[in-house]
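See structure below.
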Amino acid sequence: MSGKILVTRSSMPPYEEYIREIRDIWDSRWMTNMGPKHKELQSKLREYLGVENIDLFTNGHMAIELTLQAMNLQGEVITTPFTFASTTHAIVRNRLEPVFCDIDPVNYTIDVSRIERLITDKTCAIMPVHVYGNICNIEEIDRIAKKYELKVIYDAAHTFGETYKGQGIGVFGDASCFSFHATKVFNSIEGGAVCFKDPNMGKILYELKNFGIHGPEEVSAVGANAKMNEFCAAMGICNLRHVDEEIAKRRIVAERYRELLGSTDGIVLCPPQKNVSSNYAYFPVMIEEKIFGASRDDVFERLAENGIGARKYFYPLTNTFSAFNGKYDVTKTPVALHISKRILTLPLYPDLELADVDRICKIVLECRE
Ligand SMILES: *Cc1c(COP(=O)(O)O)cnc(C)c1O
């Protein structure tokens, strides 16, 4: 058993493996601008994720932001506030208007029964989030998008490697954006990817991540710089070799939590989803103070006193950020507000020892006394 436990611990390959992987970079002096490591990771991910079209980015956020730009959208985007800042910021930074839909009380993804009433003649897209690895109601979102001719861009940052009915999660919607940040299930230190349906979008995305440069003497779009460099791609190549094993280890940790906390009154866990192979990215617990006998904040504090870092993730909701100066009415997303005040994600990473999980659960349960 170790002392301090953080909420996550980044996956890294054996040191020697990374050193071997970056050796070629010294020989070629090709450190960025879509070099051989970038190409290799791209093609390995295409296969691993089971998608047709994929491009790599410097991080997950730029993947989302440039996807929205590539689609040339205008107007309103229906999304949820129960997410990381990135989702909402990508919409706003594209001068689009986020319209916040409430979430499902069981799996915390967009409540599909509330989407249609938010659609106006300005709506151009839906941007749902596969929260904690819980997959959205894909069929229903698909039906609504077809009926109203809306684009669907999934924030798939939490769902690396997951499948739904045997298909890679990246194949759904018009695009799905992944994050390969150090804290995610699969990382390339920093990094991200977009999987997209329309092959014509590939060229636009490729140019947007390189300043909109179309040819040696032509710049045809106002792009950004969001190219994944060779050192990050090399880390991705190494981590990809181990990711299945890492997910298998996460599963053991998650199952131990479920066993120890699953039947506690006042602690609500996300039920496993049908037809989904989970990546066990996070272990969220929802704490109902009146039933459990202690609040989410009490549990958070008690864990912190014991050197254990849990995270109030996602709290606060993005529609309450001071950046937006009270522009959005949080009472329109009451379920999201309820959950965000009660949710806590517990430490979860592949090498977390079961003895530590036992200790964490013991501390959580003792908060009732
Ligand atoms: C991590 C994350 C992002 C952003 O990814 P970065 O790679 O950190 O830029 C976007 N959305 C969600 C839900 C995330 O968790």
Side-chain angles (χ1 to χ4, degrees), residues 7-11 41 45 49 54-69 77 79-94 98 100-101 103-104 107-110 125-136 152-162 169-170 172-173 175-195 205 208-209 224-229 231-233 235-236 239 250 270 278-284 311-319 321 323 336 339-340 343 345 348-349:
V7 72
T8 190
R9 187 162 177 270
S10 297
S11 292
L41 181 61
L45 285 172
L49 296 172
I54 182 168
D55 205 355
L56 307 183
F57 292 83
T58 190
N59 56 56
H61 179 78
M62 288 311 289
I64 303 174
E65 202 169 303
L66 295 180
T67 298
L68 292 175
Q69 190 182 348
V77 178
T79 185
T80 62
F82 192 71
T83 183
F84 185 55
S86 175
T87 324
T88 305
H89 285 4
I91 296 170
V92 174
R93 287 170 58 82
N94 271 282
F100 293 103
C101 184
I103 59 171
D104 179 279
N107 66 32
Y108 315 145
T109 63
I110 195 164
I126 309 173
M127 188 141 95
V129 186
H130 298 305
V131 184
Y132 305 128
N134 292 338
I135 283 173
C136 301
V152 178
I153 304 103
Y154 283 106
D155 182 334
H158 290 185
T159 36
F160 184 85
E162 294 199 337
I169 195 67
F172 301 102
S176 293
C177 304
F178 292 95
S179 164
F180 308 151
H181 183 255
T183 55
K184 300 286 176 13
V185 167
F186 165 76
N187 83 77
S188 60
I189 310 175
E190 291 255 15
V194 185
C195 303
L205 276 171
L208 284 178
K209 74 172 177 182
N225 179 3
K227 308 182 296 284
M228 181 184 285
N229 71 58
F231 289 88
C232 289
M235 183 62 99
N239 279 333
R250 284 177 173 275
C270 293
S278 178
N279 64 6
Y280 307 94
Y282 299 90
F283 200 86
R311 204 172 153 200
K312 298 177 193 178
Y313 192 61
F314 299 105
Y315 173 86
L317 296 177
T318 68
N319 57 358
F321 285 174
I339 303 296
S340 79
I343 203 79
T345 57
L348 172 55
Y349 47 88

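Counting starts at 1 for both ligands and their atoms, following the listed order. Remember, predicted model here, so these are calculated numbers, not experimental data. Below, each value reflects all heavy atoms present in this structure, side chains not excepted, and no hydrogens, waters or symmetry copies.
- For K209 (side chain) and L56 (main-chain N/O), a donor-acceptor pair under 3.5 Å exists by modelled atom type.
- Residues N225 and K227 have side chains that bring a donor and an acceptor to within less than 3.5 angstrom of each other.
- Residues meeting the ring pair (Phe, Tyr, Trp, His ring centres under 6.0 Å) test with H130, sequence neighbours left out: Y154.
- Checking M62, H181, H61 one by one against E190, the side chain to side chain contact (heavy atoms under 4.5 Å, CB included) holds for a single residue, H181.
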Write 'none' if nothing qualifies; otherwise put on separate lines each N/O atom of ligand 1 with a protein N/O atom under 3.5 Å away and their distance to 0.1 Å.
unit_1	atom_1	unit_2	atom_2	d
ligand 1	5 (O)	S179	OG	3.2
ligand 1	7 (O)	G60	N	2.8
ligand 1	7 (O)	S179	OG	2.7
ligand 1	9 (O)	G60	N	3.3
ligand 1	9 (O)	H61	N	2.8
ligand 1	11 (N)	D155	OD1	3.3
ligand 1	11 (N)	D155	OD2	2.7
ligand 1	15 (O)	H158	NE2	2.8
ligand 1	15 (O)	K184	NZ	3.2
ligand 1	15 (O)	Y313	OH	3.2

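- Using a distance-only test at 3.5 Å, with no hydrogens or angles considered, no donor-acceptor pair links the side chain of S340 to the main chain of P316.
- Checked against a 6.0 Å centroid threshold, the rings of F314 and H158 count as neighbours.
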